[in-house]
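Written below as structure tokens is the structure these notes are about.
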Amino acid sequence: MAATEDHSTTDAPRSAYYVTTPIYYVNDRPHLGHAYTTVAGDVLTRWHRQRGENVWYLTGTDEHGQKIMRTAEANGVTPQEWCDKLVEEAWKPLWQHLDIANDDFIRTTQQRHTDRVQEFVQDLHDKGEIYKGGYSGPYCVGCEEYKLPNELLPGATEDEKLCPIHKRPVEWLEEENYFFRLSAYGPKLLEFYAANPDFIAPATARNEVLRFVEQGLQDLSISRSTFNWGVPLPWDEKHVLYVWVDALQNYITAAGYGADPERFAELWPASVHLVGKDILRFHAVIWPAMLMAAGLPLPKRVVANGWLMVGGEKMSKSNLTGIAPTDLTSHFGVDAYRYYFLRAIPFGTDGSFSWEDFTARYTSELANDFGNLASRVAAMVGKYYGGTLPAATAAGAAEQAVVDGLAKAAAEADRKIGEELDFAGGIAAVFDFVKLVNGYLTEQEPWKVAKTAFGEGGSAAGSEEGQARLATILYTAAEALRATAVLLNPVMPATSAKLWDSLGAEESLGALADQTIATVADWGRLPAGATVTKGDILFPRLEEKPAS
Ligand code: ME8
């Protein structure tokens, strides 16, 4: 478990576990769908940090292209002004609010990016991978993508055709522009997918990409000359680079490509590109082909999340539920928010949000199963031992079952969250353990044992055997909570910190962030004598649902 590669015998920098989110369009504010991917990446990277690995988590914003330009125009500001405002007022604050621990935030209008992008495309041009040609076809500004005629849906009139994702009319574009020889890469891509069966996940996404590439690829139009909000082509400044070509390169420019070779060697290739399934082809077909053309290594994995749905459609700016992420966090709290979407929807499949489901999970899983366990244990250690954790001197089969349950939960969560990105399965494994500890307390009935331990009503006439049992039960439960705090730290960092605090764990074990997954199941880490305090209620009773 928790193996990290040991590079200490070489001079090469220690390679990082490098995870990226899509860089989001800043034509509007972030919604639940964007937050879904970003929280998933945050949990994944926090998990790997908790393993003690060298981790780098990148997110950012995609600021060029027609969609942003038109939004800025409609708002009477320049595109740059629009982007600056949205990034600072909406995007960065939301990630901060959701406790996203990204290491970098890239904006495609930053010079560190645009300079490198120009070098990259110049290099492809020099290598003969780019040529000048003409193209005409239906274009969706929402997707910033030319569509194939057979993908379109019928519109209101015979001539009108709709984008299958945005359900809005596509525009007919006819341009002379530059092309990337994407068609040449089909066979090489298929060879790569075959040799790297884990490159695209889940299996449905992989199959979709295989079918698409097997049909044969067309060359990709990579420049626009009808507007200028983009990175100019260095050899022909009348053209700006197609927004997607510029955007995909964020993953290497942020990693130091062309600017800091040592850092680039450490970070690239990326370990995981997290993407929504809407942008899978860009990441699993176009991006790898561009990297092949440039002679750069390919990312290790592209993992697609499913869609949050509203009324059977992908949740998007135009069909939002009307619920902003902050509407949910102000009702349920940030940690419950981080927990809910990953726990409720198997990663990779579509799912929808409902107040009822969120409320039910909050109440039964977070408040009752987990929160109550923590407060009951702290209360009993307070009541019977004045807040000083007793030693477990009479452990038997029941305690062994808890020890074994922890080992199983830790191994399962590590595999599912850390490797398979099965967040729902990994979190469920930890919560099965929480249930097991609750069951253990229900069976052991420490409140009854306390009566024999200390005599009815706290008189001195108690039994030593009873005292040993009570101490053992409470130690076992507290030690189980110590491990739970570590296992849930990537998902609910503020809650885990409160629990860590209430267990008095910092004094003997150090900071929660320094606890590793490899040692989480080593039983007995929390020493007897730790100062246990009641602390805040982890998941307070919910207020009435706000009127919608
Ligand atoms: O596509 N459910 O940006 P974007 C789940 N700039 N995830 C969702 C979602 C939903 N309903 N809606 C959005 C772009 N997402 C490009 C990316 S990358 C080089 C350039 C998430 O603002 C999901 O991750 O449209 C999706 O891929 C991403 O937001 C799209 O964000």
Nearest heavy-atom neighbours spanning [X] and [Y]:
{"X": "L406", "Y": "F433", "result": "N-CE1, 3.4 Å"}
{"X": "L32", "Y": "L308", "result": "O-CD1, 3.6 Å"}
{"X": "T59", "Y": "P22", "result": "OG1-O, 4.1 Å"}
{"X": "L526", "Y": "R482", "result": "CB-CG, 4.0 Å"}
{"X": "R29", "Y": "A90", "result": "NH1-CB, 3.5 Å"}
{"X": "P93", "Y": "V87", "result": "CD-O, 3.7 Å"}

My understanding is that only one of [options] makes a ring-ring contact (aromatic ring centres under 6.0 Å, His included) with [X]; could you say which?
{"X": "F332", "options": "Y340, F353, W355", "value": "W355"}
{"X": "H34", "options": "Y24, W307, F341", "value": "Y24"}
{"X": "F282", "options": "F212, W244, Y251", "value": "W244"}

So with a 6.0 Å cut-off around [atom1] of [X], is the heavy-atom count from everything else above 12?
{"X": "E151", "atom1": "CD", "result": "yes"}
{"X": "R541", "atom1": "CZ", "result": "no"}
{"X": "Q400", "atom1": "CD", "result": "yes"}
{"X": "E507", "atom1": "CD", "result": "no"}
{"X": "I537", "atom1": "CD1", "result": "no"}

Ignoring hydrogens and angles, tell me if any N or O in the side chain of [X] forms a donor-acceptor pair with the backbone of [Y] under 3.5 Å.
{"X": "K92", "Y": "E89", "answer": "no"}
{"X": "Y475", "Y": "A395", "answer": "no"}
{"X": "S496", "Y": "A485", "answer": "yes"}
{"X": "D422", "Y": "G425", "answer": "yes"}
{"X": "Q515", "Y": "A511", "answer": "yes"}
{"X": "W287", "Y": "P299", "answer": "no"}
{"X": "W56", "Y": "D104", "answer": "no"}
{"X": "Y25", "Y": "G142", "answer": "no"}
{"X": "T472", "Y": "A394", "answer": "yes"}
{"X": "R70", "Y": "G65", "answer": "no"}

Test: [X] and [Y] ion pair at under 4.0 Å:
{"X": "E399", "Y": "R469", "answer": "yes"}
{"X": "D99", "Y": "R338", "answer": "no"}
{"X": "R415", "Y": "E419", "answer": "no"}
{"X": "D198", "Y": "K300", "answer": "no"}
{"X": "E420", "Y": "K416", "answer": "no"}
{"X": "E412", "Y": "K408", "answer": "yes"}
{"X": "R49", "Y": "D103", "answer": "yes"}
{"X": "D414", "Y": "R51", "answer": "yes"}

Any side-chain donor near an acceptor of the partner, [X] and [Y], under 3.5 Å:
{"X": "T326", "Y": "H97", "answer": "no"}
{"X": "E63", "Y": "T61", "answer": "yes"}
{"X": "T495", "Y": "D335", "answer": "yes"}
{"X": "R301", "Y": "N196", "answer": "no"}
{"X": "T519", "Y": "T516", "answer": "yes"}

[X] side, atom [atom1]; [Y] side, atom [atom2] - distance, nearest 0.5 Å:
{"X": "D42", "Y": "T38", "atom1": "CG", "atom2": "OG1", "answer": "8.5 Å"}
{"X": "R376", "Y": "N438", "atom1": "CZ", "atom2": "CG", "answer": "5.5 Å"}
{"X": "L44", "Y": "F347", "atom1": "CG", "atom2": "CZ", "answer": "8.5 Å"}
{"X": "Q444", "Y": "I473", "atom1": "CD", "atom2": "CD1", "answer": "5.0 Å"}
{"X": "C143", "Y": "D278", "atom1": "SG", "atom2": "CG", "answer": "7.5 Å"}
{"X": "H273", "Y": "L58", "atom1": "NE2", "atom2": "CG", "answer": "9.5 Å"}

Before giving the answer on side chain to side chain contact (heavy atoms under 4.5 Å, CB included), spell out for F454 and V449 the whole-Å C-alpha distance, their side-chain angles and the decisive distance to 0.1 Å.
CA-CA 9 Å; F454 299 120; V449 178; over 6 Å; no
With heavy-atom distances below 4.5 Å as the criterion, would you say the side chains of [X] and [Y] are in contact?
{"X": "T388", "Y": "T531", "answer": "no"}
{"X": "V491", "Y": "I427", "answer": "yes"}
{"X": "N305", "Y": "K277", "answer": "no"}
{"X": "Y18", "Y": "V55", "answer": "no"}
{"X": "T476", "Y": "Y440", "answer": "yes"}
{"X": "V243", "Y": "T108", "answer": "no"}
{"X": "T20", "Y": "L274", "answer": "no"}
{"X": "P30", "Y": "P325", "answer": "no"}

Take H166 and C140, measure what side chain to side chain contact (heavy atoms under 4.5 Å, CB included) needs, and give me the verdict at the end.
CA-CA 8 Å; H166 290 89; C140 171; 3.7 Å; yes
Please assess R107 against N250 for the test side chain to side chain donor-acceptor pair (under 3.5 Å), listing each intermediate value before the final yes or no.
CA-CA 8 Å; R107 299 182 52 186; N250 89 85; over 6 Å; no
For the pair F199 and Y193, name the ring-plane relationship: parallel under 30°, tilted 30 to 60°, perpendicular over 60°.
parallel
For the pair Y339 and F431, name the ring-plane relationship: parallel under 30°, tilted 30 to 60°, perpendicular over 60°.
tilted
Decide side chain to side chain contact (heavy atoms under 4.5 Å, CB included) for L373 and T484; before the verdict, give the C-alpha distance in whole Å, the side-chain angles of both, and the deciding distance to 0.1 Å.
CA-CA 11 Å; L373 174 65; T484 306; 6.0 Å; no
For H283 and I200, run side chain to side chain contact (heavy atoms under 4.5 Å, CB included): C-alpha distance rounded to whole Å, both residues' side-chain angles, the deciding distance at 0.1 Å, then the answer.
CA-CA 10 Å; H283 287 81; I200 305 164; over 6 Å; no
